[in-house]
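To start, the structure under review is shown below, and the notes come after it.
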Amino acid sequence: MVAGGVTWRDRLAVVIGLATLFIVWQAATMLFAVPDYILPRPLDIAWAIVERREQIWRALLFTLAETGAGFAIGALIGIGLAVCLVLIPPCEAVVMPLAVAINAVPSVAFVPLALIWFGLGMGSKIAMAVLAIAFIVLLNALSGLKKPEQGHIDLMRSFGAGRFGILWRLRLPAAMPSIVTGLRVGLGRSTIAVIVAEMLGAYDGIGQIVYQSTAQVDYLSVWAAVLTAMLGSLALYGCLVAIDRKLIWWR
Amino acid sequence: MDSSMATPSIAADHRPAHLQLINVWKRFGPPERQTVAVRNVDLAIQPGEFVTLIGPSGCGKSTLFNMIAGLIAPDDDGSILLSNKVQQDYGLLGKVAFMPQRDLLFPWRTVIDNATLPLEIEGVSRKAARARAEALFPEFGLEGFETHYPHQLSGGMRQRVALMRTFLFERDLVLLDEPFGALDALTRSMMQRWLLDVWAKHRRTVLFITHDIDEAIFLGDKVVVMTARPGTIKCAERINLPRPRAASVTTTGEFIDIKRRLLAVVEEESLKTFGGATLA
Amino acid sequence: MDSSMATPSIAADHRPAHLQLINVWKRFGPPERQTVAVRNVDLAIQPGEFVTLIGPSGCGKSTLFNMIAGLIAPDDDGSILLSNKVQQDYGLLGKVAFMPQRDLLFPWRTVIDNATLPLEIEGVSRKAARARAEALFPEFGLEGFETHYPHQLSGGMRQRVALMRTFLFERDLVLLDEPFGALDALTRSMMQRWLLDVWAKHRRTVLFITHDIDEAIFLGDKVVVMTARPGTIKCAERINLPRPRAASVTTTGEFIDIKRRLLAVVEEESLKTFGGATLA
Amino acid sequence: AASSAASAAEKVSIRLKWVAQAQFAGIYVAKAKGFYADAGLDATINPGGPNINVETLVASGADTFGIASGTEGMLYSREKGLPLVCVGMSQQMTPFAFVTYDSSGIKSVKDFKGKKVAVWFTGVQYTLYSVMAHEGLSQKDAQIIAQPFSMQPFIDKQYDVATVTLYNELNTLKEQGINNIRLFMPDDSGVTTQQDALVTSEKMIKEKPEQVQAFVTATLKGWKYAFEHKSEAVDIVMAAGAGLERKHQELMLDEIQRVMTAKLGGSEGLGAIDMKAVSDVQDSLVKFEALKKPVDLKAAFDSSFWAKVPAADKKL
Amino acid sequence: MKRDALLRSPLPMLVVLALAWWLVVPALKIEARYLPPLGAVIADARSVWPDLLAGFWRTLLETVIGFFIGAALGIAAGIGFAQWRWLERGVFPIFVALQSVPVIAFGAIVVIWFGNTLASKVVIALYLAFFPIAVNTLRGLQEADPQRMALMRSFGASSRQMFLKLSLPTALPTIMIGLKIGLSLALAGAIVGEWFGDTVGLGVMLLQALYFEQVPRLWVLILTCGGLGTLLYGGAGLIERRFIWWRAE
Ligand SMILES: Nc1ncnc2c1ncn2[C@@H]1O[C@H](COP(=O)(O)OP(=O)(O)OP(=O)(O)O)[C@@H](O)[C@H]1O
Ligand SMILES: Nc1ncnc2c1ncn2[C@@H]1O[C@H](COP(=O)(O)OP(=O)(O)OP(=O)(O)O)[C@@H](O)[C@H]1O
Ligand SMILES: [Mg+2]
Ligand SMILES: [Mg+2]
C-alpha cells in the first residue's frame, strides 16, 4: 500500500507541522508576554543560535559524534544480544532480567561510574548512549526475531538450514521492521543520554552549554543549544525513516 | 528404537527400503484432551519408488510428512529408518526435499530468490543458483515473473514457485504435500508430466500426497490409503500400469477398476469424519 | 460509469441481472512493466443462478472476484452493477459473501470464533452467533474442534472453517474462490452436496471458482471459461442437466460431452501460459 | 512583624539550591523550631536539584524565597532582567577553593601556569580568572577545563588542579582518605565572593515587606540556633533528608559555620552583604565580559531587612 | 515442571551474580570506588532501610501513575497516527523533536508549571513513557495483513470493528514491547522527576549519593531501582503471557 520512498508531500507535512509549532509558540509567548526565563520566543532563540553559531556548531558536532557512535555501538550490542538470545534460548532467562534491571536504573545514576571507567572525554558519553539505546533495540529486535511463524522456520530447517541460516535468511529480514522501530525510539533516548552526561561532566558539547548557561541564567543559550540538538536529532531521525522505508519495501 | 523389528519387513520385500516407518505415532495436546494424529504407521518405500498417499482430510497425512521430513519428532513408540539407518529425532533435516502444504514463500524475497533459497543455504553462489532456477521458469509457466514478489502472484503461481523451490533442493527423497492442489487441469497435467520426466531421469524416491485419486493412480507405483483420524495405513495398492503412462491411460478399464476399488475404501474412511452422515 | 451501456445486454436476457460486469479491466504495476490481470470482462448473472468459473492458473479469476467483492476497484474503463445499480468503487463491501483463496483465519481466534467473525461484525450477540455456528460443525466434519486454534488444524480443515465463516455471512451474492481445493474426493462431494442443498433452499446467487471441470459442470447452471492472462471471458456454456443432480450424472454421455468441449477450450488457453509447450 | 502573625500564618515557600543537607541547616532549624511559624510564616521548604534554578523559580513567583547561588548569580539574573532582590548573604567568604596534590609541584597560584585546571563553569570560572589575574596570570596561561560534579577524575589525576567547596567536596576527599593535598583560597588572593544569597522577588518587597522581614529574621535566628546547638541541628537536617550520613553532615555544618562567621559574618552578624566585595566581583565580571554592562547594585542588593534584624538574633 | 519454572526465573541468576560479587571483589582486590564489596553495600542498605522503603513506595506510585497515563496517551496517539496519515506526517516529527529534549535541562520549568507535587513526577514519567508506546502502537497497527484487512472489509466491517478485531490483536505483541520500554522509562522519569525538589523517593537518595560520592549507597540505589524495574517488568510479562498467546501461527 505504502509505495516508494519519501514523497514531497511527506516533507511538506513535516515542514508544515514544525512551522505551525513555531508560529503557535511565537504567538503565545508574545500574547501572554511570557518572560524569557520561563519560555523565550522562537525568533529570539533563532537569533541566539545565529549569534552563537560557532560555539553551538562545534558543540553540536561533538554531541552528534558521541550520539552517533553510541547509537551505532548500542544498536549493534542490542541486535547482537538479541541474536545470541535467539540462537541460545536458555540465555534469555539469564540475560533479560539483568538487562531489565540495568535499564530500570536511570542512566544518570551510571554517570559517575561512566566517568570512573571511561574518563571525562567522549568515552563516557558514548557509553551512556550505548546504555540508553541497547535495551530498547534489544527488546524490539528480540520480538522481531521471534516473529517468523513456525511454518517458515520448519521450511528452512527442512532445507538443512542451521540456526545461523535461519537467522540470516529468515529471522533477520522478518525482524527488520521491529529493529528499525527500536532504532527510531532509541535515537531520541541516546541524544538525551549524551546531553545529560555532558551536563554532568564534559569538555564540550550541547550538554555543557546547557549546564553552564543555566547556571549563568542565560536561558536563550539553553534553548538555543537544546533546539539545535533537537534539529540535529531530527535530521538523524529523518535518515532512519528513509532507511526504514527502504527496508520494508515488500509490504 | 529397536531396529531388529525392521528386519522381517525388509526381508519380505527382498530389497533394502529407502525409507521405512515402523510403528510411528504422533499425539498432540495434553493427555486429557489429546488428538491422535497418526497411529501405528508401518510403511516401507523402495529406492526410486513413486508412492502416492491419499486419505480423508485431517487424517494425518501432513503430520506424517512433517515427521519424515524431520520437522517434528515421532512419539517414542516407533522409529523412522532412512537407508536402513535409524534416524535420531530431527536427524532427517536437510536430507529430504520437502514441499509443505502451504506455500510459505517469504514475502520479502522475489520469486526467483524464493526459489533459490535452498541453494543459497547449501552455499551455491547466487549467480549459479539463479542460472539454475531461471532455466526452470518457462517449464513452470512463470516466465516474466522472476522479479515479482509473492503477493503479486496468483494462488497457483505461488504453488508452482514452492514446487520449483523444492526441486532445486536436490535430494534422493522427495516429499510433496498436495503440490498441484491449486492448479487447473491442464497446468496440473503439464506439471505431472514434468514431474514424471524428472523422476524417470533421476529416479528419486517420491512420496506424494494428493486428494485426486486419478492423480494418485496416474503417478504412483503404489497408492497408500490412510484411514480417518487417528490415521494409520488402511491399505496399499501396487499400480502395475506400464510406464511411461500417457494421459489416455485414465480411460483404460484397468485404471477404472483400480479407481473404483480405491474410491470405495476412501469413501468408507471419509464418512467416519462426518460421524456416519450418509451420501445420496 | 455509463449505465446506459448496460441496457442492451440486460434486455437480451429478458430478466434483470443480479450481477453485471461491463467492460471490467484491471491492470497492476506502473505503465512500463504492467501486468494486465483482467481485460474487457462482460458478464451477467441472473438472481439465484449458480455460475462456475474456470480458467488457467494466473488468468485473473481471483482478481475478478476481488473486484466483485469490492476489495479492489476496477480500472475506470468499466463498471460493476448489482441489481442494476452502478456500484461506486468499494460500494460492494458488505453486500457480498466472499471466501478468499487463502483461508486467512485469525491465529488468535479459536475455530468457532473464526467462524462467527462476520456475525460479530453484523452485531449478532456472541451467544446467538455461537449457537448458529455450532449447528454447522457436524455437517462440516469439524465436530470436536470448536475450541482449537487454526495452527492445530489440517489444511483441509482450515478451508472448511473458512467456508463456514462465509456461509454464516448470509448474503444474496456468494463468491467462492476454490473452496474445495484442499479436500479429498469424498469430503469434497459431501461439501458439494451441502452447498447445493443450501443453494436450493435459499436460492442465493453463487459465483464459484474451481479447477476441477467435473465440479464446475456438476454444480453450475453456467460454466464460464476465462482465457489465459490477460484474462477475459472466452466462452460461457449453459449446463442444462436436470436438478437435483446425483453423483451418477458425471457418467452420463451428456456430461462427458460437455466436459470434452470445455476441456478443449481450457487446454488451449492453459497452453498459452507455457509459451506453446506441447503436451504429449 | 512577629506579632501580626501566629493566628493566620501566611503560606510561603523557600527554595534551596540543593537537596537537604547541613548547608541549609539554618532554614530547617528555623522551620523545626517554629521560628517561621512564630513570625507568621507557614513555610514549606523545597529542596533543589541539578539544573533547578532558584533565581528563576523565585523571580517567577513559583517560590516565595530562595537560597540562590551567590554574588555572580545575582548579577547575571539582574542583567537578564529577572526581578530578583538579594536580602542577605549566608556565606561570607568564598566557599570555593582550588586543590592540588602535594606531589604536583604547584606551590602557589602562579604555578597554575601551563597546568590543567578544572573548574565548574557555573560562574566559578570567573572567580578563578580573578584569582589568576590577582596573581598576575592571564586566562590563557593555564589549560582551563570544565569540571564534572564528580571528584573522581581528580582522584584519578586526570587534571592537576580541581575546584572544591569547603563544605562538601573537600570533605568528600578527606573521607576518601586523600589528605596529601594543598588548598588555594581565593580570599588569600584578595578575591571574595559571597554565596548562598537569600533572595526574594521585587514584587514581594513591594507588596509584603513584612513577610520578607519575617523571613530574614527567622532564618538568621535559625542559623544562630543551629550553630549553638549543632547536634540538634544535624538531627533536624537528618530528619529532613533521606539517607544522609551523619558524619558528613557534622563536618559540613562545622565548615559552613566557618564560612558564615568569617569576615562580616563575625563582625556585623550572620547574613551581612559585603557591598565592596559585590562591586569587586561585578568589576571583574565586566572585565571578563561575562557581564555585558554593570547592573544597578542598589536595586539588586537590599540590606535594609538585614539591618532591621535585632543583633541578638544574628550575632553569635 | 516446577524445576523448569525455577530455572527460567531470574532467581538462580541472581544467586550466582551475588555469589560472584561476594567472592570476586575481595579476590581481585577491586577498589571500592569501582565496585564496593557486597557486604558494604548490604550494610549500607540496612543503615538506611526505612528511608529506602519509603522511597521505594513513593517512586513506585509515581511510576505507576505516570506509566498508566503515558500508556493511555501513547496508545491513543499511536491509534490516531495510524488512522490519519496526515497526522503522523505532520505531528510525528514534533514528538520526535520533543523526545530528544532532555527533561533534566528544564527542571526549573517543570517545577514552575507543575510545582513540587506528585504531578510533576507523573508528568515527567509519562513524557518519557509516551513516545516508545506511541511508536510501537503505530508500527503494530501497520502490521495488519492486508489480505485479512480485505476480508474484514468484505464482511462490511466498520473501521471500529476492523480496528478491534484485526488491527489491535495483530498489534498487541508490538504494543507490549512499547509498554515494556515505556515502563522502564517511566521509572527513570519518576526518579529524575524527584530531583526537582523532593524529599522522599529513590531519586532523592540517588541524587545525594551521586553528589556525596557515596559509592556503596549508589550501588544500594542502583540495585533497588533495578529491583523495582524488574518487578514492574515482570508484572508486564505476566500480563503479556496471559493475553498474548498466539505468537506462533
Ligand atoms: N500442532 C497441532 N496441535 C494439535 N493438533 C494438531 C496439530 N497439527 C495437526 N493436528 C491435528 O492432527 C490431525 C491431522 O492433521 P494433518 O494436517 O496431518 O491432516 P492432513 O491429513 O494433512 O489433512 P488435509 O488433507 O486436510 O491437509 C488433525 O486433526 C489436526 O487437527
Ligand atoms: N497485487 C498485484 N500486483 C501485481 N500483479 C498482480 C497482483 N495481484 C495479481 N496479480 C497478477 O494478476 C494475474 C492474475 O492473478 P489472479 O490471482 O487473479 O489469478 P487466478 O486466476 O486467481 O489464478 P489461480 O488459479 O492460480 O489462483 C497474475 O498474473 C498475477 O501475477
Ligand atoms: Mg495436510
Ligand atoms: Mg486465484
Side-chain angles (χ1 to χ4, degrees), chain B residues 28-29 35 37 54-63 101-102 138-145 147-148 152-160 177-178 180-190 193 210-213 229 244 246-247 263 266-271 273-275 277 279-280, chain C residues 28-29 33 35 37 54-63 101-102 138-145 148 152-160 177-178 180-190 193 210-213 229 244 246-247 263 266-271 273-275 277 279-280:
Chain B
F28 288 109
T35 313
I54 56 180
S57 171
C59 73
K61 303 182 292 297
S62 298
T63 307
Q101 192 167 8
R102 300 170 60 204
E139 295 183 62
F140 277 72
L142 288 171
E143 221 170 352
F145 286 90
T147 57
H148 279 58
Q152 300 174 314
L153 299 188
S154 80
M157 291 158 89
R158 293 174 69 113
Q159 204 169 35
R160 280 175 275 159
D177 196 346
E178 293 187 48
F180 304 147
L183 302 183
D184 63 295
L186 189 100
T187 307
R188 180 184 278 237
S189 69
M190 300 275 306
R193 258 189 64 78
T210 179
H211 282 129
D212 186 332
I213 297 190
R229 182 165 35 79
L263 256 179
V266 172
E267 283 194 4
E268 185 191 329
E269 286 307 320
S270 295
L271 274 178
T273 316
F274 291 87
L279 187 72
Chain C
F28 286 108
R33 42 192 307 257
T35 313
I54 56 179
S57 172
C59 74
K61 303 180 294 295
S62 298
T63 307
Q101 191 167 7
R102 300 174 66 202
E139 295 183 61
F140 277 72
L142 289 170
E143 222 172 350
F145 286 91
H148 279 59
Q152 299 174 315
L153 299 187
S154 79
M157 291 159 90
R158 292 175 69 115
Q159 204 170 35
R160 280 175 275 160
D177 196 346
E178 293 188 47
F180 304 147
L183 302 184
D184 62 294
L186 189 101
T187 307
R188 180 184 277 235
S189 71
M190 300 273 306
R193 259 187 62 78
T210 178
H211 282 130
D212 186 332
I213 297 189
R229 180 166 35 80
L263 256 178
V266 172
E267 284 196 0
E268 185 189 332
E269 287 306 321
S270 294
L271 274 178
T273 316
F274 291 87
L279 187 71

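Naming convention: chains lettered A, B, ... in sequence-line order (proteins, then strands); numbering from 1 in each chain. What's counted below: heavy atoms across the whole structure, side chains too, no hydrogens, waters or symmetry copies.
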**Asked** What part of C:Arg188 lies closer than 4.5 angstrom to a heavy atom of chain B: side chain, backbone, both or neither?
**Response**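 Neither part.
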**Item:** chain B contact via C:Thr63 - which portion, at a heavy-atom distance below 4.5 Å
**Value:** neither
**Prompt:** Which atom names give the shortest non-hydrogen contact between C:Ser57 and B:Leu183, and what distance separates them?
**Reply:** OG-CD2, 4.2 Å
**Item:** B:Thr147 and C:Arg33, any side-chain heavy atoms less than 4.5 Å apart
**Value:**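 Yes, at least one pair of side-chain atoms sits under 4.5 Å.
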**Prompt:** So do the side chains of C:Ser189 and B:Glu267 get within less than 4.5 Å of each other, counting heavy atoms only?
**Reply:**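 Of all side-chain heavy-atom pairs linking B:Glu267 with C:Ser189, none is under 4.5 Å.
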**Request:** Against chain C, work out which of B:Gly181, B:Pro56, B:Gly55 has the most heavy-atom pairs shorter than 4.5 Å and name it.
**Result:**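 Max contact count across the listed options: B:Pro56.
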From [X] [atom1] over to [Y] [atom2], what is the distance, rounded to the nearest 0.5 angstrom?
| X | Y | atom1 | atom2 | value |
| --- | --- | --- | --- | --- |
| C:Asp184 | B:Asp212 | CG | CG | 11.0 Å |
| B:Glu269 | C:Thr187 | CD | OG1 | 11.0 Å |
| C:Leu186 | B:Leu263 | CG | CG | 8.5 Å |

**Prompt:** Do the side chain of B:His211 and the main chain of C:Ala182 share a donor and acceptor less than 3.5 angstrom apart?
**Reply:**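 Side chain of B:His211 to backbone of C:Ala182, a donor-acceptor pair under 3.5 Å: yes, one is there.
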**Message:** For B:Ser154 and C:Arg229, which I'm curious about, is there any donor-acceptor pair between the side chains at under 3.5 Å?
**Reply:** no
**side chain to side chain contact (heavy atoms under 4.5 Å, CB included) against C:Gln152, all qualifying residues, sequence neighbours excluded** = C:His148, C:Tyr149
**C:Arg102: salt bridge (charged side-chain N to carboxylate O under 4.0 Å, His left out) partners, not counting sequence neighbours** = none
